[in-house]
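Here the structure is a predicted model, which means the values were calculated and not measured.
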Amino acid sequence: MTARTHPFRRKTSLATYQETGVFWALRLFTYVILGFGVIIFSTIIYKGSPAVFGSQRLDTTFPFLHNDFLFTKPQTLHVFKYRGEIKQMSAENYYAFVGQAPDAPPTPAASPATASALSSTGVNASDITDHETYSYAAGGIWPQIVGTVLLVIGSMLIALVLGIFSAIYLSEYSKQGPLISAIRLAIINLAGVPSIVFGLFGVGLFVLAFGWNISLMAGWFTLAFMVLPVIITASEESLRAVPKGFREGSLALGATKWQTIYLNVLPYALPGILTSSVLGIARVAGETAPILFTAAYATSDKLPWELNISPDRLHSGFLGYLEYPFAWLHDFAFHGVNALPYHIYVVSSKIPQNAYTERVQYGTAFVFLAVVMIIALASVLLRIRLRSQLKW
C-alpha cells in the first residue's frame with residue numbers, strides 16, 4: 001500500500017490550509033516581536049558600550065584599571081577651545097586645568113602682561129574661547145548604580161517576606177469563604193494597577209502620613225507593595241503544587257502544622273517563589289514613577305554611606321559611641337538616592353538634548369540592562385540550585 005492510497009493519510013482540505021495559515025501567522029508574529037527586541041537591544045548595546053568601555057584608563061593607583069563612567073559621579077561637561085584646540089573636560093578636570101576652585105567666580109580675561117598671575121597652573125583665561133557647559137554630560141553613574149541596587153534588594157526582601165507569609169496564610173490556614181475570595185480578587189486587581197498609582201500611594205502614606213520624606217525607606221515599601229500581588233499569587237500556586245502527601249505524612253508523625261509547612265512544604269515551593277522574584281526584580285528596577293515620587297532626588301549624588309552625622313545629635317562620651325551606629329542606620333534608611341531609570345528620565349527630558357547627553361543616555365541604559373540581568377541571573381541560578389537539590 002503506497003502513501004498515496006494509505007487510508008490514514010491526512011487529506012488536504014480547507015481546514016488544513018487554515019491550520020497552516022494560523023501556524024505561519026503565529027510564527028511570523030513571534031519573529032517580528034523578537035526582531036524588534038533584537039533591534040532595541042542592539043541599538044542600546046551599539047550606542048551605549050562606547051560610553052562604558054571607552055572611559056577606561058590606566059594609572060599607578062590600585063586597581064590600576066579605572067572606569068570613570070561606572071565609578072564616578074555625574075558632572076558637568078566643559079567644551080572649549082584652548083589656543084585653537086577643542087578640549088572636552090569634566091568639571092573636576094576643568095577646574096584643575098584652570099587652577100580654579102569649583103565654587104569660585106570665573107576668572108576675567110586679562111592682558112598677556114598679567115597672564116602669569118591668572119592661574120596657578122599657568123593657564124591664561126584669555127586663551128580659553130567658545131566655552132560651553134553641558135549638564136550631566138561628563139563623569140559617571142556610580143551613585144545611580146548604587147541607588148538602583150539598594151532599591152531592588154531592599155524592596156524585594158520586604159516583598160518576599162510579606163508575600164510568602166501572605167501566601168502561606170491563604171494556602172494553608174485560611175478557609176474558603178466570601179472574605180478570602182474578596183482578598184484574592186483584590187490581589188489580582190492590584191497586579192494590574194499602573195505604577196504611577198503606587199507612586200501616589202507611596203507619597204500619601206509613606207512620604208507624608210508617616211513622615212519618611214523622600215528616602216530609601218519610602219521607596220522600598222512603595223516598590224515592595226507594587227510587586228507584592230505577583231509574588232503572593234506565584235507563591236500561593238507554588239505552595240499548592242507541593243503534594244498533599246508531604247503534609248499528611250508530617251502530621252501523622254506528630255509534627256505541628258507550622259513545622260510541617262516550614263520543613264516539608266516551603267523548601268519544595270522555593271523554586272517557584274524565586275521564579276516570581278525574577279519577574280519582580282525586572283519590574284522594580286525598571287519603574288520610574290514610584291522612584292520619582294518616593295525615593296529619588298535628581299541632584300542626589302552623595303552615596304548613602306557618605307553621610308556626615310553631626311556630633312550635636314549624639315551624647316558625649318561612651319554613650320555617643322553607642323548611638324552612632326543607630327544614627328548612621330537611621331540616616332542611611334531615610335536618605336534620598338538616585339537610580340538608573342530616573343537618571344535616564346532626567347537626561348532624556350529635563351536637560352537640553354545634544355550629542356554629549358545622548359552618550360550618557362545610551363550608556364546608562366546599557367548599564368541598567370546589565371544590572372537587571374546580573375540580579376535576575378543570580379535569582380535564576382539560585383532557583384536552579386534549589387531545584388537540583390529538592391526532588392520528589
Side-chain angles (χ1 to χ4, degrees), residues 33-57 65-82 84-97 102 128-149 151-152 195-196 282 285-289 291-292 295-303 337-375:
I33 295 173
L34 182 62
F36 279 119
V38 170
I39 292 173
I40 293 172
F41 281 97
S42 300
T43 303
I44 293 174
I45 294 173
Y46 175 74
K47 293 187 176 183
S49 56
V52 179
F53 300 109
S55 60
Q56 295 180 354
R57 57 182 175 84
L65 179 63
H66 300 267
N67 192 304
D68 292 335
F69 189 77
L70 294 180
F71 299 108
T72 60
K73 300 178 180 180
Q75 297 184 48
T76 300
L77 177 66
H78 292 254
V79 181
F80 57 93
K81 285 184 179 180
Y82 180 68
E85 181 184 357
I86 298 177
K87 291 183 176 291
Q88 299 179 16
M89 295 184 181
S90 64
E92 181 179 348
N93 293 334
Y94 172 77
Y95 291 122
F97 176 73
I128 298 178
T129 59
D130 299 336
H131 186 192
E132 296 180 349
T133 59
Y134 302 93
S135 300
Y136 288 101
I141 54 172
W142 177 239
Q144 287 76 14
I145 296 174
V146 172
T148 301
V149 173
L151 285 171
V152 170
S195 60
I196 192 171
E287 293 294 349
T288 304
I291 297 174
L292 165 67
Y297 289 109
T299 58
S300 178
D301 295 333
K302 181 177 290 187
L303 298 173
V337 296
N338 208 330
L340 290 172
Y342 183 55
H343 188 65
I344 295 173
Y345 164 73
V346 171
V347 298
S348 301
S349 61
K350 295 300 182 181
I351 60 176
Q353 302 300 297
N354 50 69
Y356 304 110
T357 56
E358 183 183 81
R359 163 188 168 275
V360 178
Q361 294 168 15
Y362 282 101
T364 306
F366 177 78
V367 174
F368 173 64
L369 292 177
V371 170
V372 174
M373 289 178 61
I374 290 172
I375 298 176

Problem set entry | E287 backbone acceptor or donor facing S195 side chain under 3.5 Å | no
Exercise. So does Y345 have more than 12 non-hydrogen atoms from other groups sitting under 6.0 Å from OH?
Worked result: no
Problem set entry | Flag side-chain contact, heavy atom, 4.5 Å: Q88 against Y134 | no
Problem set entry | CA sep, side-chain torsions, deciding dist, call: V337, V146, side chain to side chain contact (heavy atoms under 4.5 Å, CB included) | CA-CA 9 Å; V337 296; V146 172; over 6 Å; no
Exercise. Any donor-acceptor pair under 3.5 Å linking the side chain of N67 with the backbone of V52?
Worked result: yes
Problem set entry | Heavy-atom closest contact (L77 atom, A137 atom, distance) | CB-CB, 3.7 Å
Problem set entry | Value rounded to 0.5 Å, distance of CG in D130 from CD1 in I86 | 8.0 Å
Problem set entry | Nearest-0.5 Å distance, CD of residue Q144 to CD1 of residue I344 | 10.0 Å
Exercise. Looking at residues at least two apart in the chain, or sitting in another chain, which of them share a side-chain contact (heavy atoms from CB on, under 4.5 Å) with F53?
Worked result: S49, Q56, F366
Problem set entry | Geometric class of the Y94/F80 ring pair [parallel <30°, tilted 30-60°, perpendicular >60°] | perpendicular
Exercise. Nearest 0.5 Å, what's the CD1-CD1 distance between I39 and I44?
Worked result: 12.5 Å
For this session: Check whether any side-chain heavy atom of P341 sits under 4.5 Å from a side-chain heavy atom of T148, and report yes or no.
Result: yes
For this session: Give a yes or no on whether the backbone of G139 and the side-chain of S90 come within a donor-acceptor separation of less than 3.5 Å.
Result: no
For this session: Ignoring hydrogens and angles, tell me if any N or O in the side chain of S55 forms a donor-acceptor pair with the backbone of F69 under 3.5 Å.
Result: yes
Exercise. Does the side chain of D68 come within less than 4.5 Å of W142's, by heavy atoms?
Worked result: no
Problem set entry | Student check: side-chain heavy atoms of P74 and P143 closer than 4.5 Å | yes
Problem set entry | Side chain proximity check, T43 to Y362, heavy atoms < 4.5 angstrom | yes
Seminar exercise, completed: To the nearest 0.5 Å, atom CG of L340 lies from atom OG1 of T288 at 10.5 Å
Exercise. Of H343, Q353, K47, which meets side chain to side chain donor-acceptor pair (under 3.5 Å) against Q361?
Worked result: Q353
Problem set entry | Pair H78-Y95, side chain to side chain contact (heavy atoms under 4.5 Å, CB included): steps then yes or no | CA-CA 10 Å; H78 292 254; Y95 291 122; 4.3 Å; yes
Exercise. Can you name the residues that form a side-chain hydrogen bond (donor to acceptor under 3.5 Å, both in side chains) with T357, not counting sequence neighbours?
Worked result: none
